[in-house]
Amino acid sequence: MVSADRLLAFAAMSFLLIVVPGPSVLFVIGRALAQGRRAALTTVVGNTVGACVLVVAVALGVGSVVERSVLVFTALKLAGAAYLVYLGVKAWRERGALRAAFAGDAAVAQGSVRTFWEGFAVGVSNPKTIVFFAAVLPQFVDRGQGHVAVQMLLLGLVFNLIAVASDSVWGLVAATARGWFARSPRRLSAVGGVGGLTMIGLGVTVAVSGRKD
(Lines give C-alpha, C1' and ligand atoms only; values in the text may rest on other atoms or scores of the structure.)
Protein backbone atom coordinates (compact mmCIF):
# COMPACT_ATOMS: atom_id res chain seq x y z
CA MET A 1 0.00 0.00 0.00
CA VAL A 2 0.95 3.67 0.04
CA SER A 3 3.84 4.47 2.39
CA ALA A 4 3.49 7.12 5.08
CA ASP A 5 5.96 9.51 3.43
CA ARG A 6 4.19 9.32 0.07
CA LEU A 7 0.84 9.80 1.79
CA LEU A 8 2.05 12.89 3.66
CA ALA A 9 3.66 14.36 0.53
CA PHE A 10 0.46 13.79 -1.43
CA ALA A 11 -1.63 15.34 1.35
CA ALA A 12 0.61 18.43 1.33
CA MET A 13 0.34 18.87 -2.44
CA SER A 14 -3.41 18.20 -2.30
CA PHE A 15 -3.82 20.90 0.32
CA LEU A 16 -1.97 23.40 -1.86
CA LEU A 17 -4.28 22.68 -4.77
CA ILE A 18 -7.49 22.55 -2.73
CA VAL A 19 -6.96 25.73 -0.73
CA VAL A 20 -6.34 27.72 -3.94
CA PRO A 21 -9.56 29.39 -5.15
CA GLY A 22 -10.37 27.37 -8.27
CA PRO A 23 -13.75 26.61 -9.89
CA SER A 24 -15.13 24.60 -6.95
CA VAL A 25 -13.94 27.00 -4.24
CA LEU A 26 -15.20 30.04 -6.13
CA PHE A 27 -18.56 28.33 -6.66
CA VAL A 28 -18.81 27.62 -2.93
CA ILE A 29 -17.87 31.23 -2.10
CA GLY A 30 -20.43 32.47 -4.60
CA ARG A 31 -23.18 30.39 -2.99
CA ALA A 32 -22.11 31.59 0.48
CA LEU A 33 -22.18 35.24 -0.56
CA ALA A 34 -25.51 34.88 -2.32
CA GLN A 35 -27.46 32.47 -0.10
CA GLY A 36 -25.57 31.87 3.14
CA ARG A 37 -24.07 28.95 5.02
CA ARG A 38 -26.60 26.22 4.25
CA ALA A 39 -26.28 26.70 0.50
CA ALA A 40 -22.49 26.84 0.78
CA LEU A 41 -22.25 23.58 2.75
CA THR A 42 -24.74 21.84 0.44
CA THR A 43 -22.54 22.91 -2.47
CA VAL A 44 -19.49 21.47 -0.70
CA VAL A 45 -21.21 18.09 -0.39
CA GLY A 46 -22.14 18.14 -4.07
CA ASN A 47 -18.60 19.10 -5.06
CA THR A 48 -17.15 16.29 -2.99
CA VAL A 49 -19.45 13.64 -4.45
CA GLY A 50 -18.47 14.84 -7.93
CA ALA A 51 -14.78 14.63 -7.03
CA CYS A 52 -15.29 11.08 -5.71
CA VAL A 53 -16.69 10.09 -9.10
CA LEU A 54 -13.55 11.52 -10.70
CA VAL A 55 -11.32 9.54 -8.33
CA VAL A 56 -13.00 6.25 -9.24
CA ALA A 57 -12.88 7.02 -12.96
CA VAL A 58 -9.20 7.98 -12.90
CA ALA A 59 -8.19 5.09 -10.64
CA LEU A 60 -9.87 2.51 -12.85
CA GLY A 61 -8.96 4.12 -16.17
CA VAL A 62 -5.51 5.57 -15.58
CA GLY A 63 -4.18 3.16 -12.96
CA SER A 64 -3.47 0.31 -15.35
CA VAL A 65 -1.81 2.64 -17.87
CA VAL A 66 0.44 4.14 -15.20
CA GLU A 67 1.34 0.66 -14.03
CA ARG A 68 2.58 -0.36 -17.50
CA SER A 69 3.91 2.73 -19.26
CA VAL A 70 6.39 5.27 -17.92
CA LEU A 71 6.22 7.13 -21.25
CA VAL A 72 2.45 7.59 -21.05
CA PHE A 73 2.73 8.60 -17.41
CA THR A 74 5.33 11.27 -18.22
CA ALA A 75 3.30 12.63 -21.13
CA LEU A 76 0.20 12.77 -18.94
CA LYS A 77 2.11 14.57 -16.19
CA LEU A 78 3.55 17.21 -18.54
CA ALA A 79 0.20 17.78 -20.25
CA GLY A 80 -1.46 18.20 -16.88
CA ALA A 81 1.22 20.60 -15.69
CA ALA A 82 0.82 22.72 -18.81
CA TYR A 83 -2.94 22.83 -18.34
CA LEU A 84 -2.61 23.90 -14.71
CA VAL A 85 -0.40 26.79 -15.84
CA TYR A 86 -3.02 27.68 -18.47
CA LEU A 87 -5.78 27.66 -15.84
CA GLY A 88 -3.66 29.84 -13.59
CA VAL A 89 -3.04 32.41 -16.33
CA LYS A 90 -6.75 32.39 -17.17
CA ALA A 91 -7.75 32.87 -13.52
CA TRP A 92 -5.32 35.79 -13.20
CA ARG A 93 -6.60 37.49 -16.35
CA GLU A 94 -10.25 37.04 -15.37
CA ARG A 95 -9.89 37.96 -11.69
CA GLY A 96 -11.80 41.22 -12.18
CA ALA A 97 -14.92 39.32 -13.31
CA LEU A 98 -15.54 37.73 -9.89
CA ARG A 99 -17.65 40.59 -8.53
CA ALA A 100 -19.97 40.49 -11.53
CA ALA A 101 -20.28 36.72 -11.26
CA PHE A 102 -21.15 36.87 -7.57
CA ALA A 103 -23.60 39.71 -8.13
CA GLY A 104 -25.39 37.64 -10.74
CA ASP A 105 -25.42 34.59 -8.50
CA ALA A 106 -27.03 36.58 -5.71
CA ALA A 107 -30.18 36.88 -7.76
CA VAL A 108 -30.60 33.11 -7.89
CA ALA A 109 -32.65 31.41 -5.17
CA GLN A 110 -33.09 27.65 -5.21
CA GLY A 111 -33.66 24.57 -3.08
CA SER A 112 -31.10 22.31 -1.45
CA VAL A 113 -31.51 19.50 -4.00
CA ARG A 114 -30.80 21.79 -6.93
CA THR A 115 -27.89 23.37 -5.05
CA PHE A 116 -26.45 19.90 -4.40
CA TRP A 117 -26.66 18.85 -8.06
CA GLU A 118 -25.16 22.11 -9.25
CA GLY A 119 -22.31 21.57 -6.81
CA PHE A 120 -21.94 18.00 -8.11
CA ALA A 121 -21.78 19.27 -11.71
CA VAL A 122 -19.03 21.73 -10.81
CA GLY A 123 -17.11 19.07 -8.86
CA VAL A 124 -17.27 16.36 -11.51
CA SER A 125 -16.30 18.75 -14.32
CA ASN A 126 -13.68 20.78 -12.43
CA PRO A 127 -10.68 20.86 -14.82
CA LYS A 128 -8.23 21.59 -12.01
CA THR A 129 -9.31 18.45 -10.13
CA ILE A 130 -9.37 16.30 -13.28
CA VAL A 131 -5.82 17.35 -14.18
CA PHE A 132 -4.61 16.82 -10.61
CA PHE A 133 -6.04 13.31 -10.40
CA ALA A 134 -4.76 12.32 -13.84
CA ALA A 135 -1.30 13.93 -13.73
CA VAL A 136 -0.35 14.26 -10.05
CA LEU A 137 -2.06 11.44 -8.18
CA PRO A 138 -0.23 8.66 -10.14
CA GLN A 139 3.14 10.13 -9.08
CA PHE A 140 2.50 9.00 -5.51
CA VAL A 141 1.63 5.42 -6.37
CA ASP A 142 4.23 2.74 -5.57
CA ARG A 143 4.04 0.37 -8.53
CA GLY A 144 6.23 -2.13 -6.74
CA GLN A 145 3.53 -2.64 -4.12
CA GLY A 146 0.91 -3.55 -6.73
CA HIS A 147 -2.82 -2.78 -6.52
CA VAL A 148 -2.30 0.56 -8.27
CA ALA A 149 -6.03 1.30 -8.57
CA VAL A 150 -6.54 0.67 -4.84
CA GLN A 151 -3.63 2.97 -3.98
CA MET A 152 -5.14 5.68 -6.18
CA LEU A 153 -8.53 5.28 -4.51
CA LEU A 154 -6.89 5.66 -1.08
CA LEU A 155 -5.04 8.80 -2.19
CA GLY A 156 -8.25 10.14 -3.68
CA LEU A 157 -10.01 9.60 -0.36
CA VAL A 158 -7.30 11.67 1.38
CA PHE A 159 -7.77 14.40 -1.22
CA ASN A 160 -11.53 14.52 -0.69
CA LEU A 161 -11.28 14.60 3.11
CA ILE A 162 -9.00 17.62 2.85
CA ALA A 163 -11.33 19.16 0.26
CA VAL A 164 -14.40 18.82 2.50
CA ALA A 165 -12.62 20.55 5.38
CA SER A 166 -11.06 23.32 3.26
CA ASP A 167 -14.13 24.09 1.15
CA SER A 168 -16.34 24.15 4.24
CA VAL A 169 -14.05 26.70 5.88
CA TRP A 170 -14.10 28.83 2.71
CA GLY A 171 -17.89 28.68 2.62
CA LEU A 172 -18.38 29.48 6.30
CA VAL A 173 -15.91 32.37 6.23
CA ALA A 174 -17.49 33.81 3.08
CA ALA A 175 -21.00 33.46 4.54
CA THR A 176 -19.92 35.20 7.74
CA ALA A 177 -18.16 38.03 5.90
CA ARG A 178 -20.52 38.24 2.92
CA GLY A 179 -21.18 41.97 3.33
CA TRP A 180 -17.49 42.87 3.72
CA PHE A 181 -16.43 40.64 0.80
CA ALA A 182 -19.11 41.69 -1.68
CA ARG A 183 -18.60 45.44 -1.17
CA SER A 184 -15.07 45.50 -2.57
CA PRO A 185 -14.18 44.54 -6.16
CA ARG A 186 -10.52 44.72 -5.11
CA ARG A 187 -10.95 42.04 -2.44
CA LEU A 188 -12.73 39.71 -4.85
CA SER A 189 -10.10 40.33 -7.53
CA ALA A 190 -7.37 39.47 -5.03
CA VAL A 191 -8.99 36.06 -4.41
CA GLY A 192 -8.87 35.22 -8.11
CA GLY A 193 -5.41 36.70 -8.61
CA VAL A 194 -3.76 34.77 -5.79
CA GLY A 195 -5.49 31.60 -6.97
CA GLY A 196 -4.19 32.09 -10.52
CA LEU A 197 -0.59 32.66 -9.43
CA THR A 198 -0.67 29.64 -7.13
CA MET A 199 -2.02 27.39 -9.89
CA ILE A 200 0.82 28.52 -12.17
CA GLY A 201 3.32 27.64 -9.44
CA LEU A 202 1.67 24.27 -8.87
CA GLY A 203 1.80 23.51 -12.60
CA VAL A 204 5.54 24.21 -12.70
CA THR A 205 6.04 22.04 -9.61
CA VAL A 206 4.15 19.16 -11.20
CA ALA A 207 6.28 19.41 -14.36
CA VAL A 208 9.62 19.14 -12.54
CA SER A 209 8.70 16.66 -9.81
CA GLY A 210 7.46 13.11 -9.54
CA ARG A 211 8.78 9.59 -9.93
CA LYS A 212 11.78 8.95 -12.15
CA ASP A 213 11.06 5.28 -12.69
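Quick caveat, the model's predicted, so the values are computed rather than measured. Computed over heavy atoms, backbone and side chain alike; hydrogens, waters and symmetry mates excluded.
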Quick one: closest heavy-atom pair of [X] and [Y], and the distance?
{"X": "Ala40", "Y": "Gly171", "value": "CB-CA, 4.0 Å"}
{"X": "Gly119", "Y": "Asn47", "value": "O-OD1, 2.6 Å"}
{"X": "Val58", "Y": "Phe133", "value": "CG1-O, 3.4 Å"}
{"X": "Phe116", "Y": "Val45", "value": "CE1-CG1, 3.7 Å"}

Partner residues of [X] under the side-chain contact (heavy atoms from CB on, under 4.5 Å) criterion, sequence neighbours left out:
{"X": "Ala11", "result": "Val158, Ile162"}
{"X": "Ser166", "result": "Ile18, Val19, Trp170"}
{"X": "Leu153", "result": "Val55, Val56, Ala59"}
{"X": "Val53", "result": "Phe120, Val124"}

Checklist line | Point-to-point distance, once rounded to the nearest 0.5 Å, from CG of Leu7 to CG of Leu154 | finding: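 Reported value, rounded in 0.5 Å steps: 6.0 Å.
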Note to self: Starting from Leu172 and following side-chain heavy-atom contacts under 4.5 Å between hydrophobic residues (I, L, V, M, F, W, Y), which residues can be reached?
What the structure shows: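 Joined to Leu172, directly or through intermediates: Leu41.
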Notebook entry, point to check: Of all residues at least two apart in sequence or in a different chain, which pass the ring pair (Phe, Tyr, Trp, His ring centres under 6.0 Å) check with Phe10?
Noted result: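 Testing Phe10 for ring pair (Phe, Tyr, Trp, His ring centres under 6.0 Å), a comparison that skips the adjacent residues, returns Phe132, Phe140.
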